[in-house]
Structures are given as structure tokens and as C-alpha cells.
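These notes are about the structure you will find just below.
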Amino acid sequence: MTGNQLTPQNATITTASIQVQALTIGKKQVTLAVFRQLQETPLIKDDGSLLGEPWGIVNYHPDKCADAPEHLHVVWQYGGELRRSAVKMPAVGWHAHPAADFYVQARIIYGTAHRRYAEPEAGDSLRLGEMIPGGWRTFAKGRFRHDGMNFEGRVPDRIRKEWNSYDSTISDENRQIFETLLTGLRISPDEPVDQITAKLLAMLPTEQYRATVIELMQLPQLFIAV
């Protein structure tokens, strides 16, 4: 089993022809089974830069994700280990980021998000739920669009339950907890709400993320054996 383990020490990229590069262990081409054993780890950091050294793209969906929003499967090196990462395209799917969590929570706590059973105001992309034929469905995460990218923001259950109440009133305790965390981001809770939310949106690395994905799209395609 050890001989088939894929590591930076025993893995190489060999050129089979002018345009074909294969991922190999020694003289043997890496198989789909070995590729699936690589640990799935996010390659792009919260600031939009790379966490490690990318090797190439594999046109294979190991997690049966061919129907998921457009993405790249990248083989990359993290220290002394090889990993794989499913990298979402900027304009599709839902992206996660700590600042997105804070943004959604700020909108709820300061009362600028739409209420349960209500539609957002015109021009406001933030949605916390929607009406469906069976009634109201609350999203597990708040969803919004910013600078051409879709984001999901996590909301603690204690806050979501209060938002789901009759008048959507957030308790002083939950507000104080949030504002303590907010000061950790060097944002004062005493600032106007629109300034707070604007600063949180500015923390989303949309331009850097797009630049990083463009860089990854230039990587060579690595071929693996069936």
C-alpha cells in the first residue's frame, strides 16, 4: 500500500507527448483510485491567495460532483503532502468567507435584513429564506451577491431562532456577543450600520479570488489512468 501512496517525493509529472502530461508514481501512471485517496483541502485561503503550490488540473470528478456548479479539480502540494481541491469558479456556486458570516449577522442584528415571509427591498440581494408552495423555507445560511460573486453567510442558531420569531427582535445578549466579535475585526459597533456592512463587504477578496482562479486555469491538465 505504501508504494501506491501519492506524495511529492514519489510523484512526478511526465510528458507523454507535446501536449499530454501524466501524473506518475515512479514509472507507473497514477490511477483514479489513488487520486481519490488524496485529501480534499481548500487551496485558496480567506484572502484569495494560494495555500500551497498547484501542480495541475485533473479532469475527473472524484466526489460525483460533475453536475455541481463549474469548478476545477487541482492537485497541489501542501508542505510534504499532495492534496486535491475543488475550486469554484468566481461567478457560480456559493462561496464561504468569515466576512460573509459577519455581514449576514450584522444585517439581521441591526434590523436591515428582510423579515420572515417578506421579500427583500429592491436592489437588496440578501435573502434569508423564500416562499415555496408548502410555505416559508428559511435558508441554513444567508445568501447574497457582491461584486459578481455569490456568498453564503453562516448564522448561529441562537440568532436564526430569534429572526424567525414573530417580530424578528434580536436579544441584547446576542447583540453584545456579536459586537464583541466585531471589535476583534477593528470595526466599532458605534459606527453607522451602513459603514459597518460596507467595511465587512470590503473584506471579501473578490478581485484576488478571480485573479487566483485565472492563474489556476493556466495550469497543465494532468492525465491519470482509468
Side-chain angles (χ1 to χ4, degrees), residues 40-42 44-48 51 63 65 68-69 71 85-210:
E40 173 71 30
T41 307
I44 300 181
K45 298 188 292 185
D46 285 342
D47 64 2
L51 182 59
D63 302 313
C65 51
H71 58 281
S85 179
V87 178
K88 298 177 184 176
M89 293 293 99
V92 300
W94 296 98
H95 299 266
H97 192 278
D101 300 341
F102 277 97
Y103 173 78
V104 174
Q105 292 172 42
R107 293 287 307 275
I108 293 174
I109 288 171
Y110 294 125
T112 63
H114 70 90
R115 291 190 175 187
R116 189 182 181 192
Y117 299 113
E119 287 291 317
E121 294 183 4
D124 185 2
S125 67
L126 176 62
R127 281 186 172 272
L128 303 172
E130 63 183 356
M131 290 297 298
I132 59 176
W136 177 262
R137 177 171 73 99
T138 300
F139 297 151
K141 302 176 183 178
R143 297 174 177 177
F144 65 96
R145 188 169 179 82
H146 174 65
D147 194 21
M149 291 179 61
N150 297 321
F151 288 93
E152 283 187 327
R154 296 172 296 180
V155 180
D157 287 340
R158 52 186 169 77
I159 295 178
R160 185 184 296 107
K161 289 178 180 178
E162 292 183 344
W163 178 82
N164 266 320
S165 64
Y166 175 74
D167 58 1
S168 298
T169 299
I170 305 301
S171 66
D172 290 340
E173 179 182 3
N174 277 330
R175 180 169 178 147
Q176 290 171 2
I177 292 173
F178 174 78
E179 291 184 342
T180 299
L181 297 173
L182 196 63
T183 56
L185 299 177
R186 297 183 179 179
I187 298 178
S188 171
D190 297 328
E191 297 181 37
V193 175
D194 59 346
Q195 290 186 21
I196 291 175
T197 54
K199 287 183 176 181
L200 291 171
L201 289 177
M203 293 180 180
L204 297 173
T206 51
E207 292 186 11
Q208 179 61 56
Y209 188 92
R210 279 191 287 267

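Only heavy atoms go into these numbers, but all of them, side chains included; no hydrogens, no water, no symmetry mates.
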Within the structure provided, determine whether [X] and [Y] are in side-chain contact (heavy-atom separation under 4.5 Å).
{"X": "Phe178", "Y": "Tyr110", "value": "yes"}
{"X": "Asp46", "Y": "Pro205", "value": "no"}
{"X": "Arg127", "Y": "Glu119", "value": "yes"}
{"X": "His95", "Y": "Glu152", "value": "no"}
{"X": "Thr138", "Y": "Asn164", "value": "yes"}
{"X": "Ile159", "Y": "Ile108", "value": "yes"}

Next on the checklist: Could you walk me through whether Thr180 and Ile177 satisfy the side chain to side chain contact (heavy atoms under 4.5 Å, CB included) test, starting with their C-alpha distance in whole Å, then the side-chain angles of each, then the deciding distance to 0.1 Å, before giving a yes or no?
Outcome noted: CA-CA 5 Å; Thr180 299; Ile177 292 173; 5.9 Å; no
Item to check | Residues Asp172, Arg175: salt bridge by 4.0 Å N-O rule | outcome: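 No, this pair does not count.
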Checklist entry - Should the pair Lys199-Glu191 be classified as a salt bridge under the 4.0 Å nitrogen-to-oxygen rule? => result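 Salt bridge present between Lys199 and Glu191.
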Next on the checklist: Closer than 3.5 angstrom, by distance alone: can the side chain of Ser171 be matched with the main-chain N or O of Asn174 as a donor-acceptor pair?
Outcome noted: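 Present.
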Next on the checklist: Treating Lys88 as the side-chain partner and Trp94 as the backbone partner, does any N or O pair qualify as donor plus acceptor under 3.5 Å?
Outcome noted: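 The answer is yes, because a donor-acceptor pair under 3.5 Å joins these two groups.
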Next on the checklist: Testing the 3.5 Å rule here: is there a donor-acceptor pair between the side chains of Glu162 and Thr169?
Outcome noted: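 No donor-acceptor contact under 3.5 Å links the two side chains.
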Item to check | Test item: side-chain donor near acceptor, Arg107 and Thr112, under 3.5 Å | outcome: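 Side chains of Arg107 and Thr112: pair found under 3.5 Å.
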Next on the checklist: Test side chain to side chain contact (heavy atoms under 4.5 Å, CB included) on Phe151 and Arg143; report intermediate values, then the result.
Outcome noted: CA-CA 6 Å; Phe151 288 93; Arg143 297 174 177 177; over 6 Å; no
Shortest non-hydrogen contact between [X] and [Y], atoms and distance:
{"X": "Ala86", "Y": "Glu40", "answer": "N-OE2, 2.7 Å"}
{"X": "Ala100", "Y": "Leu204", "answer": "N-CD2, 3.8 Å"}
{"X": "Leu128", "Y": "Gly142", "answer": "CD2-CA, 3.8 Å"}
{"X": "Pro42", "Y": "Leu51", "answer": "O-CD2, 3.6 Å"}
{"X": "Val155", "Y": "Arg160", "answer": "O-NH2, 3.0 Å"}
{"X": "Ser125", "Y": "Phe144", "answer": "OG-CB, 3.6 Å"}

So how far is it from [X] [atom1] to [Y] [atom2], rounded to the nearest 0.5 Å?
{"X": "Leu200", "Y": "Leu185", "atom1": "CG", "atom2": "CG", "result": "6.5 Å"}
{"X": "Ile187", "Y": "Ile196", "atom1": "CD1", "atom2": "CD1", "result": "7.0 Å"}
{"X": "Thr197", "Y": "Gln105", "atom1": "OG1", "atom2": "CD", "result": "14.0 Å"}
{"X": "Asp124", "Y": "Arg145", "atom1": "CG", "atom2": "CZ", "result": "14.5 Å"}
{"X": "Met89", "Y": "Arg210", "atom1": "CE", "atom2": "CZ", "result": "12.5 Å"}

Checklist entry - Has Arg137 got its NZ or CZ under 6.0 Å from the middle of the six-membered ring of Phe139, at an angle within 45 degrees of the ring axis? => result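 No - Arg137 does not lie over the ring of Phe139 by the 6.0 Å and 45° rule.
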Checklist entry - Should we count NZ of Lys161 as having more than 12 external heavy atoms under 6.0 Å? => result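 No.
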Checklist entry - Going by the angle between their ring planes, with limits at 30° and 60°, are His114 and Trp163 parallel, tilted or perpendicular? => result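 Perpendicular: the ring planes of His114 and Trp163 meet at over 60°.
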Item to check | Residues His146, Thr206; criterion side chain to side chain contact (heavy atoms under 4.5 Å, CB included); working and verdict | outcome: CA-CA 8 Å; His146 174 65; Thr206 51; 4.2 Å; yes
Next on the checklist: Let's go through Met203 and Tyr103 carefully: what are the C-alpha distance in whole Å and the side-chain angles of both, what is the deciding distance for side chain to side chain contact (heavy atoms under 4.5 Å, CB included) to 0.1 Å, and is it a yes or a no?
Outcome noted: CA-CA 10 Å; Met203 293 180 180; Tyr103 173 78; over 6 Å; no
